[in-house]
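In this chain, residues are counted from 1 in sequence order.
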Amino acid sequence: MTRLLLIGPPGAGKGTQAVRLSEAYGIPAISTGDIFRSNVKNETDLGKLAKSYMDAGDNVPDSVTNALVRARLAEDDAQRGFLLDGYPRTVDQVRELDEFLASDDTALDAVVEIVADAEETVARLRLRATEQGRSDDTDEVVRHRLEVYARETAPIISLYEARGGVVKIDGHGSIDEVTDRIIAALSARGLAVPVQ
Ligand code: AMP
């Protein structure tokens with residue numbers, strides 16, 4: 001049973017690492033960005049609401065995002081643990097997650113921050129823009145997303161640091177190198193990859 005958070009700026013490689021860590025630890029990777037994108041694609045009410053915020057590079061309102069994550073964490077597969085990618089992103093979302101975990105009498109095992117400099121993350125997002133055509137990967141929107149990250153999300157890292165630590169991982173290098181670093185750092189903290 002492992003409960004992890006993955007934090008890092010846009011383009012740090014969170015989504016890519018989340019998929020691999022989910023396999024390694026046998027827990028679902030829950031990406032709020034992916035859930036929103038699939039709702040946009042399927043033109044659900046949630047997708048219609050989220051789209052304008054996403055296209056502008058703004059956070060979807062906390063009330064909407066919190067309700068979505070609460071429902072997702074209540075699903076069966078998340079009872080064995082989970083990896084949250086892209087949530088929490090604001091101090092309000094941290095409070096909501098705290099409340100949810102407390103009501104379940106559980107706690108996070110680790111908060112992992114993927115650290116990468118802006119030059120690297122912007123280059124990766126440019127590449128992703130050409131490969132995937134995400135509407136929020138244009139230069140202008142990326143700039144705004146980085147500002148939103150610095151303003152809304154960076155403070156939550158200090159908050160978790162004050163509570164006992166954030167596992168900081170160098171996000172430069174190959175995908176495999178970064179995965180290996182995360183797994184090694186988590187094992188050093190007693191969170192070994194289960195034998196499957
Ligand atoms: P991501 O895939 O994590 O880069 O998220 C893409 C977009 O989805 C963000 O720019 C936001 O518009 C929205 N989003 C994803 N996660 C959250 C969240 N936790 N809170 C608010 N908005 C979010």
Side-chain angles (χ1 to χ4, degrees), residues 2-18 21 29-37 49-50 52-73 78 82-104 106-125 128 134 136-137 139-172 178 181-182 185-186 189 191:
T2 311
R3 297 183 192 84
L4 302 174
L5 294 191
L6 206 50
I7 304 181
K14 292 188 300 295
T16 307
Q17 295 300 331
L21 296 170
I30 300 175
S31 154
T32 40
D34 280 351
I35 298 174
F36 284 134
R37 273 184 291 280
L49 188 153
S52 56
Y53 295 98
M54 296 173 77
D55 284 349
D58 282 319
N59 283 339
V60 176
D62 285 335
S63 56
V64 175
T65 310
N66 284 333
L68 173 92
V69 173
R70 250 180 199 270
R72 180 63 187 87
L73 288 179
F82 53 78
L83 182 151
L84 281 169
D85 156 21
Y87 182 96
R89 231 176 172 97
T90 64
V91 171
D92 182 77
Q93 293 179 11
V94 172
R95 296 215 182 91
E96 176 81 9
L97 181 62
D98 285 345
E99 223 175 80
F100 178 88
L101 293 170
S103 70
D104 220 19
T106 54
L108 294 173
D109 294 298
V111 176
V112 176
E113 179 193 1
I114 304 185
V115 182
D117 56 44
E119 209 177 302
E120 173 81 19
T121 56
V122 170
R124 286 188 194 169
L125 291 169
R128 188 170 75 185
R134 250 175 74 165
D136 58 351
D137 278 345
D139 277 1
E140 195 191 333
V141 178
V142 163
R143 214 172 305 124
H144 185 63
R145 286 164 65 206
L146 290 168
E147 281 163 17
V148 171
Y149 181 82
R151 191 178 64 235
E152 307 273 341
T153 308
I156 77 170
I157 296 172
S158 328
L159 206 152
Y160 281 119
E161 273 168 350
R163 287 182 184 182
V166 171
V167 181
K168 298 206 181 259
I169 302 294
D170 176 5
H172 301 93
V178 177
R181 276 179 210 140
I182 299 174
L186 291 177
R189 293 172 66 104
L191 295 169

List the atom of Ala18, the atom of Ala29, and the distance in Å for their closest heavy-atom pair.
O-CB, 3.8 Å
I would like to know whether Val141 and Met54 meet side-chain contact (heavy atoms from CB on, under 4.5 Å); could you show each step before the answer?
CA-CA 9 Å; Val141 178; Met54 296 173 77; over 6 Å; no
Short question: side chain of Thr121, backbone of Ala116 - any donor-acceptor pair under 3.5 Å?
no
For Glu120, give me all partners under salt bridge (charged side-chain N to carboxylate O under 4.0 Å, His left out), at least two apart in sequence or on another chain.
Arg124
To the nearest 0.5 Å, tell me how far Asp98 CG sits from Gln93 CD.
12.0 Å
The side-chain contact (heavy atoms from CB on, under 4.5 Å) partners of Arg134 (sequence neighbours excluded) come to Arg37, Arg128, Gln132, Asp136, Asp137, Arg145
Going by the rule salt bridge (charged side-chain N to carboxylate O under 4.0 Å, His left out), which residues pair with Glu152 if we only count those two or more places apart in sequence or in a different chain?
none
When every non-hydrogen atom of Ala78 is compared with those of Ile30, the smallest separation belongs to CB-CD1, 4.5 Å
If only atom types and distance count, is the side chain of Asp104 paired as donor or acceptor with the main-chain N or O of Phe100 below 3.5 Å?
no
Taking only residues two or more places apart in sequence or in another chain, which ones pass side-chain contact (heavy atoms from CB on, under 4.5 Å) with Asp58?
Tyr53, Ala56, His144, Val148
Can you sort out the partners of Leu101 under side-chain contact (heavy atoms from CB on, under 4.5 Å), two or more places apart, ordered by chain and number?
Arg3, Phe82, Leu97, Thr106, Leu108
What one should report as the nearest heavy-atom pair of Gly171 and Ile114 is CA-CG2, 3.6 Å
Begin with the C-alpha distance, continue with both residues' side-chain angles, and end with the deciding distance and a verdict on side-chain contact (heavy atoms from CB on, under 4.5 Å) for Leu68 and Tyr87.
CA-CA 11 Å; Leu68 173 92; Tyr87 182 96; over 6 Å; no
Passes side-chain contact (heavy atoms from CB on, under 4.5 Å), Ile7 versus Val112? Steps please.
CA-CA 6 Å; Ile7 304 181; Val112 176; over 6 Å; no
Could you tell me whether the side chain of Gln17 reaches within less than 4.5 Å of the side chain of Val178, counting heavy atoms only?
yes
Could you tell me whether a side-chain N or O of Lys14 sits under 3.5 Å from a main-chain N or O of Leu6, the two making a donor and an acceptor?
no
How close do Leu191 and Ala110 get, heavy atom to heavy atom, and via which atoms?
CD1-CB, 3.8 Å
Heavy-atom nearest pair, Pro155 first then Ala150, reads CD-O, 3.7 Å
With a 3.5 Å distance limit and no angle check, can you tell me whether Arg95 reaches the backbone of Asp92 through a side-chain donor-acceptor pair?
no
Glu113 side, atom CD; Tyr160 side, atom OH - distance, nearest 0.5 Å
13.0 Å
Of all residues at least two apart in sequence or in a different chain, which pass the side-chain contact (heavy atoms from CB on, under 4.5 Å) check with Thr16?
Ile175
How many angstroms lie between CG in Asp85 and CG in Leu83, if you round to the nearest 0.5 Å?
7.0 Å
Out of Leu186, Val167, Ile169, which residue meets the side-chain contact (heavy atoms from CB on, under 4.5 Å) rule with Arg181?
Ile169
4.5 Å side-chain heavy-atom contact, Pro10 and Leu146
yes
Would you say Val69 and Thr32 make side-chain contact, with heavy atoms under 4.5 Å?
yes
Identified side-chain hydrogen bond (donor to acceptor under 3.5 Å, both in side chains) partner of Thr90 from the options Asn66, Thr153, Asp62, Thr65
Asp62
